[in-house]
Asks: 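Would you mind keeping the following structure in view while I ask a few things?
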Amino acid sequence: MKIVFTDLDHANYDVETEIFKRAGFDVPLLECQSEDALIEQLQGVDIALNQYAPFTRRVFEALPDLKQIVRYGVGVNNVDLEAASAAGVQVCNVPDYGMHEVSDHALALSLALIRKLVPMNAGCQAGRWEYADAMPIRRQTRMTAGVVGLGRIGRLYARKMAALGFNVIAHDRYHQPNAEDGTDQLRCLELDELFREADVIGLFCPLTEETRHLVDAAALERMKDSAYLINTSRGGIIDETALAQALKEGRLAGAALDTTEQEPLPADSPLRGIDNCLITPHMAWYSEDAAQELKRKVAEEAVRFASGERVLWPVNRLPA
C-alpha cells in the first residue's frame with residue numbers, strides 16, 4: 001500500500017519514519033493545504049496521515065484508491081465522516097495520547113483564574129505589592145466544578161478537581177455513569193442546571209453541529225456572575241462574541257481558553273485585551289512525552305491497517 005503524510009507542521013517525523021522503515025514502507029511528506037492539492041497529489045494513495053488538510057466529499061469522490069486516513073490528534077473536524085464512510089474510507093484518530101496533559105492544563109487554567117495568578121503577577125512585576133487586589137477569592141472546598149463531557153479527558157479533570165477538594169458535578173448526554181470509570185460517584189445534571197450551579201465550568205466535548213456554540217449568550221446568562229469558564233476542547237463550542245460581552249459587562253468572573261474558533265486568534269478578536277480572559281495557543285495537548293506518543297501511535301495505526309490487522313481507534317463506521 002502507498003502511504004503519505006498529507007501535511008505536517010512538526011519539526012521532524014523521525015519517529016514515524018523509523019516505524020515505517022521497519023515495516024517496509026517509504027512514506028513521503030506532501031504539503032497539501034487545500035482540496036485541490038489533496039486531489040492532485042493523492043492519486044493512487046491508499047493511506048493518508050493527516051493533520052490539517054481538508055478531506056471533504058469532493059476530495060473523497062476524486063480519490064477512489066484512498067482506504068484510510070489517520071488523524072494526528074483527537075479531533076476530526078477537517079474530515080467529512082459521512083462522506084468518508086460512503087466512500088469506504090476508514091478514519092482513525094489517536095484519542096488517548098495527551099489525556100493527562102489536557103486535563104492538567106485545564107486544571108492549571110482553573111486554578112490560575114480562581115487564585116488570580118496572572119493579574120497578581122502583573123501587579124508585582126509593576127511594583128505593586130497588595131494582596132487585596134485579588135479579592136474576592138473563595139476556598140476551593142466550597143466551590144463546585146462542572147464538567148461538560150465525560151470522555152477520557154473530562155473524567156480525568158473531574159478526578160483531579162475532586163482530589164483538590166472541589167465538589168464535582170457533570171453533564172454528558174451520551175455517557176452512562178458506571179463504577180468502572182468512577183463516574184458513578186458524580187452527580188449528573190441537565191446542562192442548564194450545571195450552568196446555574198457550577199463555580200468553574202470545564203468544557204470537554206467534541207465540536208459537532210450539536211455542540212457548536214453550545215455556550216452562547218443564553219447559556220452565559222444562566223451562569224453565576226462569579227463563575228469561571230474553561231475550554232481546552234474546541235473553540236467553536238463557545239460563541240466568542242457573547243463571551244467577550246459577558247466578560248466586559250462583569251456577567252462572568254473569567255474565562256480561560258486553549259482553543260478559539262479561528263486559530264491563531266485574529267487581531268480583531270473581541271477576546272483580545274480582556275484582562276480576565278486567559279488564552280493559550282492550543283498547547284494543552286503538549287508535552288515532549290505526548291508528542292512522541294502521538295507520532296508513534298499514528299504510524300502504528302497506519303501499519304496495522306496496511307498489514308490487514310484490526311485498527312485500534314476507528315472513528316467512523318463503514319458499510320457492512
Asks: Given N316 and Q90, is the side chain to side chain contact (heavy atoms under 4.5 Å, CB included) satisfied, shown in steps?
Replies: CA-CA 7 Å; N316 61 328; Q90 180 68 76; 2.9 Å; yes

Asks: Would you give the length of the straight line joining atom NZ of K116 to atom CG of N276, rounded to the nearest 0.5 angstrom?
Replies: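 Interatomic distance, K116 NZ to N276 CG, rounded to 0.5 Å: 9.5 Å.
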
Asks: When Ile, Leu, Val, Met, Phe, Trp and Tyr are grouped by side-chain heavy atoms lying under 4.5 Å apart, directly or through other members, which residues fall in the same group as Y52?
Replies: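 None; Y52 is a cluster of one.
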
Asks: In the single-linkage hydrophobic clustering (I, L, V, M, F, W, Y; side-chain heavy atoms under 4.5 Å), do L229 and I153 co-cluster?
Replies: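 Different hydrophobic clusters.
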
Asks: Under the 3.5 angstrom rule, does the side chain of E301 hit a backbone N or O of W313 as a donor-acceptor pair?
Replies: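 Pair found, side chain donor or acceptor close to backbone of W313.
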
Asks: Taking Y228 as the starting point, is it possible to reach V168 by hopping between hydrophobic residues whose side chains are less than 4.5 Å apart?
Replies: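 Cluster IDs for V168 and Y228 match.
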
Asks: What are the two closest non-hydrogen atoms of E261 and E240, and how far apart are they?
Replies: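 E261 and E240 have their closest heavy atoms at N-OE2, 2.6 Å.
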
Asks: What's the shortest heavy-atom distance between A158 and V147, and which atoms?
Replies: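 Result for this residue pair: CB-CG2, 3.9 Å.
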
Asks: In Å, rounded to the nearest 0.5 Å, how long is the span from NZ of K67 to CG of D46?
Replies: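 It comes to 3.5 Å.
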
Asks: According to salt bridge (Lys or Arg N to Asp or Glu O under 4.0 Å), does anything in residues 221-238 pair up with another residue at least two apart or in another chain? List the pairs.
Replies: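 Every pair satisfying salt bridge (Lys or Arg N to Asp or Glu O under 4.0 Å) with a residue in residues 221-238: D192-R222, D199-K224, E221-R251.
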
Asks: Donor-acceptor pair, distance only, cut-off 3.5 Å: does the side chain of T211 make one with the backbone of L214?
Replies: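 Answer holds: no.
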
Asks: Is the backbone of P206 close enough, under 3.5 Å, to the side chain of S233 for a donor and an acceptor to pair up by distance?
Replies: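 Between the backbone of P206 and the side chain of S233 there is no qualifying donor-acceptor contact (under 3.5 Å).
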
Asks: Within this structure, what is the CD1-CD1 distance for the pair I47 and I3, rounded to the nearest 0.5 Å?
Replies: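 Between atom CD1 of I47 and atom CD1 of I3 there are 4.0 Å.
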
Asks: Do side-chain atoms of N77 reach the backbone of L207 as a donor and acceptor pair under 3.5 angstrom?
Replies: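 Yes, because the side chain of N77 sits within donor-acceptor range (under 3.5 Å) of the backbone of L207.
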
Asks: Under the criterion side chain to side chain contact (heavy atoms under 4.5 Å, CB included), I'd like the reasoning laid out for V215 against F195: C-alpha separation, chi angles, the key distance, then a yes or no.
Replies: CA-CA 10 Å; V215 178; F195 285 157; 4.2 Å; yes

Asks: Donor-acceptor pair, E193 side chain versus E190 backbone, under 3.5 Å?
Replies: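 Yes, E193 side chain to E190 backbone: donor-acceptor pair under 3.5 Å.
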
Asks: Could you tell me if N78 and R71 have a donor-acceptor pair between their side chains, going purely by distance under 3.5 Å?
Replies: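 The criterion, which ignores hydrogens and geometry beyond distance, is satisfied for N78 and R71.
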
Asks: Should side-chain heavy atoms under 4.5 Å link Ile, Leu, Val, Met, Phe, Trp and Tyr, which residues sit in the same cluster as V76?
Replies: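 Members alongside V76: V4, L30, L38, I39, L42, V45, F55, V59, F60, L63, L66, I69, V79, L81, V89, V91, V315.
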
Asks: Look at the side chain of S287 and the backbone N and O of A290, then say whether any donor-acceptor pair between them is shorter than 3.5 Å.
Replies: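 Flag set: sc S287 to bb A290 pair under 3.5 Å.
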
Asks: Any salt bridge (Lys or Arg N to Asp or Glu O under 4.0 Å) pairs touching residues 269-285, not counting sequence neighbours?
Replies: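 Qualifying pairs: none.
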
Asks: Rounded to the nearest 0.5 Å, how far does CG of L156 lie from CD of E101?
Replies: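 One gets 10.0 Å once the value is rounded to the nearest 0.5 Å.
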
Asks: Which atoms form the tightest heavy-atom contact between T259 and G235, and what is the distance?
Replies: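 Where T259 meets G235 most closely, the heavy atoms are OG1-N, 3.2 Å.
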
Asks: Please report the interatomic distance CG(L49) to SG(C92), rounded to the nearest 0.5 Å.
Replies: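 Here the interatomic distance stands at 10.5 Å.
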
Asks: Could you note down all residue pairs passing ring pair (Phe, Tyr, Trp, His ring centres under 6.0 Å) where residues 120-176 supplies at least one of them, sequence neighbours left out?
Replies: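 Matches after skipping sequence neighbours: Y157-F204.
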
Asks: Check whether T232 reaches the backbone of D258 with its side chain - one donor and one acceptor, N or O, closer than 3.5 Å.
Replies: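 Checking the backbone N and O of D258 against the side chain of T232, no donor-acceptor pair under 3.5 Å is found.
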
Asks: What residues form a side chain to side chain donor-acceptor pair (under 3.5 Å) with Q68, not counting sequence neighbours?
Replies: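 Partners of Q68 under the side chain to side chain donor-acceptor pair (under 3.5 Å) test: none.
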
Asks: Check whether any side-chain heavy atom of L111 sits under 4.5 Å from a side-chain heavy atom of L164, and report yes or no.
Replies: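 A side-chain contact under 4.5 Å exists here.
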
Asks: Measure from the side-chain N and O atoms of S307 to the backbone N and O of R304, and report whether any donor-acceptor pair falls under 3.5 Å.
Replies: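 Pair absent, no side-chain N/O of S307 close to backbone of R304.
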
Asks: What's the shortest heavy-atom distance between R152 and P95, and which atoms?
Replies: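 Where R152 meets P95 most closely, the heavy atoms are NH1-CB, 3.4 Å.
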
Asks: Run the side chain to side chain contact (heavy atoms under 4.5 Å, CB included) check on Q140 and M161 step by step: do they pass?
Replies: CA-CA 9 Å; Q140 291 167 193; M161 293 292 275; over 6 Å; no

Asks: Could you tabulate the donor-acceptor pairs under 3.5 Å formed by side-chain atoms of residues 11-24, not counting sequence neighbours?
Replies:
| unit_1 | atom_1 | unit_2 | atom_2 | d |
| --- | --- | --- | --- | --- |
| N12 | OD1 | D14 | N | 3.2 |
| E16 | OE2 | Y72 | OH | 2.6 |
| T17 | OG1 | Y13 | O | 2.8 |

Asks: Among pairs that include at least one residue of residues 87-99, which meet salt bridge (Lys or Arg N to Asp or Glu O under 4.0 Å), considering only residues two or more places apart or in two chains?
Replies: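 Found D96-K297.
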
Asks: Please step through side chain to side chain contact (heavy atoms under 4.5 Å, CB included) for the pair E300 and V303, ending with a clear verdict.
Replies: CA-CA 5 Å; E300 289 175 346; V303 169; 5.7 Å; no

Asks: Could you list the residues that satisfy salt bridge (Lys or Arg N to Asp or Glu O under 4.0 Å) with D36, not counting sequence neighbours?
Replies: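 Result, salt bridge (Lys or Arg N to Asp or Glu O under 4.0 Å) vs D36: R58.
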
Asks: Give the other cluster members for I137, using side-chain heavy-atom distances under 4.5 Å between Ile, Leu, Val, Met, Phe, Trp and Tyr residues; answer none if it is isolated.
Replies: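 Joined to I137, directly or through intermediates: none.
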
Asks: To the nearest 0.5 Å, how far apart are CD1 in I274 and CD1 in I279?
Replies: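 Nearest 0.5 Å value for the CD1-CD1 distance: 8.0 Å.
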
Asks: Taking C-beta and beyond as the side chain, do Q33 and D7 meet within less than 4.5 Å on heavy atoms?
Replies: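 In short, these two side chains touch, coming nearer than 4.5 Å.
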
Asks: Just one of T280, L271, L278 clears the side-chain contact (heavy atoms from CB on, under 4.5 Å) bar with L257, so which one?
Replies: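 Answer after filtering T280, L271, L278: L271.
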
Asks: With salt bridge (Lys or Arg N to Asp or Glu O under 4.0 Å) as the rule and sequence neighbours excluded, what pairs involving residues 155-173 come up?
Replies: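 The answer is D104-K160, R155-D181, R173-E210.
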
Asks: Show every donor-acceptor pair shorter than 3.5 Å between a side-chain atom in residues 117-128 and any protein atom, with sequence neighbours excluded, or say none if there are none.
Replies:
| unit_1 | atom_1 | unit_2 | atom_2 | d |
| --- | --- | --- | --- | --- |
| R128 | NE | D133 | OD2 | 2.5 |
| R128 | NH2 | D133 | OD1 | 3.2 |

